[in-house]
Amino acid sequence: MFREIKKEFKIISLSTYYAIQREMLNKASFLSNVFFMILNNLSMIIQWIVLFNLKSNIAGFEFKDILLMWGMAAGTYGFAHFLFEKAFSLSSLIVDGSLDNYLVQPKNVLLSAISSQIGVSALGDLIFAYIMLILTGVTLPKFLLFTLFIVTGGIINLSIAIISGSFSFWFKNSDIIEETSSHLMISFATYPGGIFKGIVRVILYTFIPVGFVTFLPVELLLNFDLKLMLILIAVSILFITLATFMFYRGLRRYSSSNLMIARI
Amino acid sequence: MKAISVQNLKKTFRVKTKEKGLKGTFKSMLKPTYRSVEAVKGISFDVDEGEVLAFIGPNGAGKSTTIKMMTGILYPDGGSIKVLGIDPTKERKKLAYEIGTVFGQKEQLWTHLTPYDNFKFFGAIYDIDDKEVEKRIEDLKNRFELGEFINTPVRNLSLGQRIRCEIVASLIHRPKILFLDEPTIGLDPVVKDNIRKLIKQMNKEYHTTIFLTSHDISDIEKLCKRVIIINNGELVLDDTMENLKYHYLNKKIIDIKMRDDGKFSGDDNVKVLKQKGNNYKIEVDLDKTTIGEAMKSFDMDSIQDINITNVPLEDIITTIYQRSK
């Protein structure tokens with residue numbers, strides 16, 4: 001089994017390496033995409049500066065905590081989009097019949113498909129995330145925890161994309177579900193978890209699991225709790241298992257197509 | 001051993017139907033209706049190891065669907081498939097190590113990479129170690145004359161060179177069966193001929209079983225010894241090329257050029273296809289008469305030139321398609 005995982009990992013690394021090479025063909029575009037994403041995220045912080053000038057505490061969060069929250073939101077988004085950009089357009093891969101190429105290869109179809117393209121601007125998000133971490137004061141344990149939570153949160157982001165994209169196996173026009181779920185995950189991730197109460201809070205820990213992507217990790221970075229961290233890791237494993245199950249369940253309904261397709 | 005064994009294979013697609021106009025769009029959103037399209041209706045056939053088989057049929061006949069089921073892309077709704085003894089629905093990955101696929105309409109290569117890098121990537125996909133991949137690339141490069149462009153990015157190659165690389169990429173893991181779906185689509189005659197040579201060479205040197213679909217009858221005529229014709233999801237014909245020609249080539253086309261004083265008396269079993277002055281193009285049905293009998297209706301002493309040809313294979317296949325509608 002470990003040999004299999006090693007082989008899969010080799011393919012993902014190669015695929016990512018070649019995808020980076022493709023994006024680097026136009027270096028100016030590559031660098032400006034990364035730079036402007038960092039700038040875009042920084043501009044979002046301005047509204048919080050204004051708010052904190054009026055109030056020193058928002059839903060129990062200080063300004064430093066907001067920076068950490070933004071870092072976590074951008075990092076999880078960046079991780080998922082940088083390595084697995086195609087997961088966020090899985091719907092079109094399914095409808096266009098683009099899974100054919102991966103289905104005839106002796107590798108994991110889902111992994112091969114979603115790692116075939118990188119999100120260049122997402123690299124900007126990842127860099128932004130670590131800038132935020134530095135601004136809030138970095139220690140080695142905090143750095144390691146932050147990185148771990150970027151991975152767990154990124155996996156949950158990825159899982160939601162795979163689940164919503166997999167609806168296309170059943171309903172052909174489900175790209176709207178894919179887009180909406182992606183937007184919802186981003187929108188809720190950039191607010192302090194404490195402002196959401198009651199049913200909304202329940203939804204944010206279930207259907208739109210932003211709670212496990214930013215709220216809980218930020219909470220853990222501020223007040224560490226081993227039990228909660230283990231729950232967080234278990235939840236991310238649960239989500240990716242569910243997403244994988246749904247994808248392979250749907251794959252039996254895959255109908256391919258005869259569209260002319262080039263791998264560009 | 002059978003390379004492929006297909007029994008009573010079935011596949012049905014559910015297609016959404018929609019009435020015309022905006023009203024129809026809303027109606028189909030509120031109350032969607034579907035119809036079933038039987039793409040493959042219980043076909044059965046076997047393919048021997050090392051065989052070069054043409055699997056042909058008009059557009060929408062069910063060729064690609066069948067190939068996709070045999071390669072593990074689509075799940076069948078009924079029947080069974082064994083490719084090299086492997087069930088594609090249960091052991092897709094295991095099967096993938098043993099087969100190669102080239103879909104003329106779909107590109108597998110990364111266009112920004114050179115063929116060399118692409119081959120290395122495919123080598124990694126099939127778990128071949130680096131040294132072995134290098135050796136195989138060198139061998140394939142020499143065998144299929146890729147030397148000139150092996151280090152040129154795929155996007156800068158001509159269509160013919162690209163297809164050649166697509167085929168070679170599918171050979172890197174030395175598959176026992178190669179599925180070629182329209183490999184010569186959009187290529188000029190010279191390149192087509194090169195691709196055909198390459199396919200022949202593969203079959204001869206590696207004993208690769210070739211399962212070919214093509215709308216180009218020359219591909220079939222020049223490469224295949226056996227042909228399966230499918231139409232409307234049903235098997236219409238499964239025979240050797242030789243039998244196909246003998247059984248269906250029961251008509252001959254004769255071009256006759258006569259002097260001005262020559263006479264043609266006519267014959268019920270001779271069909272005049274074209275006449276210009278004293279030049280005739282006739283069709284003789286050998287089931288009804290012989291060439292000798294047919295020629296008696298012409299003034300033999302006035303014949304200046306004569307040319308007897310078979311009905312083109314393309315016409316035969318078109319007739320079979322039409323009959324099976």
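Naming: A, B, ... by sequence-line order, numbering from 1 per chain. FYI, side chains are in, hydrogens and waters are out, and symmetry mates aren't considered; it's all heavy atoms of this structure.
Highest contact tally toward chain B, considering only A/Leu25, A/Leu14, A/Leu103, A/Leu99, is held by A/Leu103 [criterion: heavy-atom pairs under 4.5 Å]. Chain A forms more heavy-atom pairs under 4.5 Å with one residue of B/Leu113, B/Val154, B/Asp117 than with any other, namely B/Leu113. Chain B forms more heavy-atom pairs under 4.5 Å with one residue of A/Glu8, A/Lys10, A/Gln21 than with any other, namely A/Gln21.
Residue A/Phe9 places its CZ atom among 12 or fewer non-hydrogen atoms of other residues, nucleotides or ligands, all under 6.0 Å distant. Taking a 6.0 Å sphere around CZ of B/Arg155, one finds it holds more than 12 heavy atoms contributed by other residues, nucleotides or ligands. More than 12 heavy atoms of other shown residues, nucleotides or ligands fall within 6.0 angstrom of atom NZ in B/Lys41. More than 12 heavy-atom neighbours from other residues, nucleotides or ligands sit within 6.0 angstrom of OH on B/Tyr34. Within 6.0 Å of atom NZ in B/Lys10, 12 or fewer heavy atoms from other residues, nucleotides or ligands are found, so the atom counts as exposed in its surroundings.
For A/Leu251, the part sitting under 4.5 Å from any heavy atom of chain B is the backbone (N, CA, C, O) and nothing else. Only the side chain of B/Thr101 comes within contact range of chain A, with heavy atoms under 4.5 Å apart.
Among residues 80-91 of chain A, no residue has any heavy atom closer than 4.5 Å to a heavy atom of chain B. Of residues 86-98 of chain B, those residues with a non-hydrogen atom less than 4.5 Å from any non-hydrogen atom of chain A are, in numerical order, B/Arg92, B/Lys93, B/Ala96, B/Tyr97.
Taking CD from A/Gln105 and NE2 from B/His173, the interatomic distance works out to 9.5 Å, rounded to the nearest 0.5 Å. Interatomic distance, CD1 of B/Ile73 versus OH of A/Tyr102, reported as 12.5 Å (0.5 Å rounding). To the nearest 0.5 Å, atoms OH (A/Tyr254) and NZ (B/Lys68) are separated by 7.0 Å.
B/Phe121 approaches A/Ile11 most closely through the heavy-atom pair CE1-O, 4.3 Å.
Salt bridge annotation for A/Arg3-B/Asp127: absent, with no cationic side-chain nitrogen under 4.0 angstrom from a carboxylate oxygen.
Between A/Arg252 and B/Leu74 the shortest side-chain heavy-atom distance does not fall below 4.5 Å.
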Can you check side chain to side chain contact (heavy atoms under 4.5 Å, CB included) on B/Trp110 and A/Ser15, steps first, answer last? CA-CA 10 Å; B/Trp110 295 76; A/Ser15 196; 3.7 Å; yes
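For B/His112 (side chain) and A/Ala19 (main-chain N/O), no donor-acceptor pair under 3.5 Å exists by modelled atom type.
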